[in-house]
Number of protein chains: 2
Amino acid sequence: MASLSIGQLAQQAGVAIDTVRYYERNGLLAPAGRLASGYRRYGTTELRRLCFIRRAKALGFSLDDIRTLLTLSDEQDVSRIREAAQRKRDDIERRIAELERIRAALDTLITACPGHGRAEACPILRALTQEDSP
Amino acid sequence: MASLSIGQLAQQAGVAIDTVRYYERNGLLAPAGRLASGYRRYGTTELRRLCFIRRAKALGFSLDDIRTLLTLSDEQDVSRIREAAQRKRDDIERRIAELERIRAALDTLITACPGHGRAEACPILRALTQEDSP
DNA sequence: ATTGACTCTGGACTTGAGTCCAGAGTGCAG
DNA sequence: CTGCACTCTGGACTCAAGTCCAGAGTCAAT
């Protein structure tokens, strides 16, 4: 046990086989050990690393971010990991604020739109067609 | 006046020249009128339409959405415009909820991380390295 | 030994919304 | 008339994160 084919690894980590090879090509996973046949072989270390990547992605980190995180975690650099997490949190906060701004604008327009009648009465069209605000 | 070169149009609408040509190629703007030289000429109609596109993009609509909106606004179909706006609002709401979930998770991790010391004490690393939850 | 499932490679393709380019032709101020 | 800024075209390129492919080789169960 604890020796996995690429298919088993991918399945256990919940990613596609191509994704595993893609991560290897792009330095997120170290080059895998090989059987005589050339088939890749994996152990639990690689499985854990792959799961790390999947979870970090779910937290909104890009593969580039994750490469950094992996380096930092190898270096045991806790303070820099914390900083990276904070930067990402702030980043996500900004995206939330922007989306909320957009949602509020849409809400205003939708509420004001009668949903029938002449186009001139539709505030959504009017808002999109205003002459002001370059 | 009211006759603009592509550069003037782009500048007044706040987009790049290449973007104007790109929109024309992709059916968001009608093929522009031409001078004898082949230079495109624009009027206020096109400027308004281009601004419409810019504003709709700022509201989170994709160019594909906008193509639909433009068709609907030509058809004066107010009820369907309202529906499109509502769908987009719901879409944005889902994205906000997802980002808030991520932010909460990051907040938990950051709060618990001492920011120094051994890696084993860092909950961010621990969370990303857990063996549970495939 | 045969089958069917698996794996290998390098490279091309995808999506969305542009951006950049070379090489040629134009417009206009001084 | 010179020079510089502008515009034209078709096509290639960018970004991220994969996904798909053909053609060849391999593994494991029957």
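Lettering of chains follows the sequences in order, A, B, ..., and the numbering in each one begins at 1.
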With heavy-atom distances below 4.5 Å as the criterion, would you say the side chains of [X] and [Y] are in contact?
X: A:Leu72; Y: B:Leu125; result: no
X: A:Leu63; Y: A:Asn26; result: no
X: B:Tyr22; Y: B:Leu28; result: no
X: A:Ile66; Y: A:Leu70; result: yes

When the distance from [atom1] of [X] to [atom2] of [N] is rounded to whole Å, what number comes out?
X: A:Asp18; N: C:dG10; atom1: CG; atom2: P; answer: 14 Å
X: A:Gln8; N: C:dT7; atom1: CD; atom2: C1'; answer: 12 Å
X: A:Ile53; N: D:dA16; atom1: CD1; atom2: C1'; answer: 15 Å
X: B:Ile6; N: D:dA5; atom1: CD1; atom2: P; answer: 19 Å
X: B:Glu24; N: D:dG10; atom1: CD; atom2: P; answer: 11 Å
X: A:Arg25; N: D:dC20; atom1: CZ; atom2: C1'; answer: 12 Å
X: B:Leu29; N: C:dA17; atom1: CG; atom2: P; answer: 15 Å

DNA chain D contacts made by [range], counting heavy atoms under 4.0 Å:
range: residues 30-43 of chain A; answer: A:Ser37, A:Tyr39
range: residues 84-102 of chain A; answer: none
range: residues 61-74 of chain A; answer: A:Ser62, A:Leu63

Using distance only, find each side-chain donor-acceptor pair of residues 100-116 of chain A under 3.5 Å and give its atom names and separation, not counting sequence neighbours.
unit_1   : atom_1 : unit_2   : atom_2 : d
A:Arg101 : NE     : A:Glu98  : OE1    : 3.4
A:Arg101 : NH2    : A:Glu98  : OE2    : 3.4
A:Arg103 : NH1    : B:Glu93  : OE1    : 2.9
A:Asp107 : OD1    : B:Arg89  : NH1    : 2.3
A:Thr108 : OG1    : A:Ala104 : O      : 2.9
A:Thr111 : OG1    : A:Asp107 : O      : 2.7
A:His116 : ND1    : A:Pro114 : O      : 3.1

Would you be so kind as to tabulate the donor-acceptor pairs closer than 3.5 Å made by side chains of residues 38-47 of chain A, with sequence neighbours excluded?
unit_1  : atom_1 : unit_2  : atom_2 : d
A:Arg40 : NE     : A:Glu24 : OE1    : 3.0
A:Arg41 : NH1    : A:Ser3  : OG     : 3.3
A:Glu46 : OE1    : A:Gly43 : N      : 2.9

Do A:Thr71 and A:Asp74 meet the criterion of a side-chain donor-acceptor pair at a distance under 3.5 Å?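 Result is no, nothing qualifies.
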Just by distance, no angles: are the side chains of A:Ser62 and A:Asp65 close enough, under 3.5 Å, to form a donor-acceptor pair?
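Yes, A:Asp65 and A:Ser62 have a side-chain donor paired with an acceptor closer than 3.5 Å.
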Determine yes or no for a side-chain-to-main-chain donor-acceptor pair under 3.5 angstrom, with B:Arg82 supplying the side chain and A:Ile124 the backbone.
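Side chain of B:Arg82 to backbone of A:Ile124, a donor-acceptor pair under 3.5 Å: no, none is there.
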Between A:Asp90 and A:Arg87, does any side-chain N to carboxylate O distance fall below 4.0 Å?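 No salt bridge links A:Asp90 with A:Arg87.
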Heavy-atom count around B:Arg67 CZ within 6.0 Å, excluding the residue itself: above 12?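 Above 12, so yes.
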field: Nearest-nucleotide pick for B:Ile17, side chain only, options being D:dT7, C:dT7, D:dA17
entry: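 Per side-chain heavy atoms of B:Ile17, the pick is D:dT7.
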Exercise. Out of D:dG18, D:dC8, C:dT19, which nucleotide sits closest to the side chain of A:Tyr22?
Worked result: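 Among D:dG18, D:dC8, C:dT19, the one nearest the side chain of A:Tyr22 is D:dG18.
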Less than 4.0 angstrom between a side-chain N/O of [X] and OP1 or OP2 of [N], yes or no?
X: A:Arg21; N: C:dT9; answer: no
X: B:Ser5; N: D:dT7; answer: yes
X: A:Lys57; N: D:dA16; answer: no
X: A:Tyr23; N: D:dG18; answer: yes

Subject >> Minimum-distance pair of heavy atoms, taken over all atoms of A:Leu69 and A:Ala84 >> reply: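 Shortest heavy-atom contact: CD2-CB, 4.1 Å.
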Item checked: Same cluster (ILVMFWY, side-chain, under 4.5 Å), A:Val78 and B:Leu128 ->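 A:Val78 and B:Leu128: separate clusters.
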Would B:Asp91 and B:Arg95 count as a salt bridge (Lys or Arg N to Asp or Glu O under 4.0 Å) here? Give the steps. CA-CA 6 Å; B:Asp91 179 39; B:Arg95 278 150 69 191; 3.6 Å; yes
With each end axis built from five pairs of C1' atoms, what bend angle do you get for the helix from C:dA1-D:dT30 to C:dG30-D:dC1? Round to 10°.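 Inter-axis angle at the ends, rounded: 10°.
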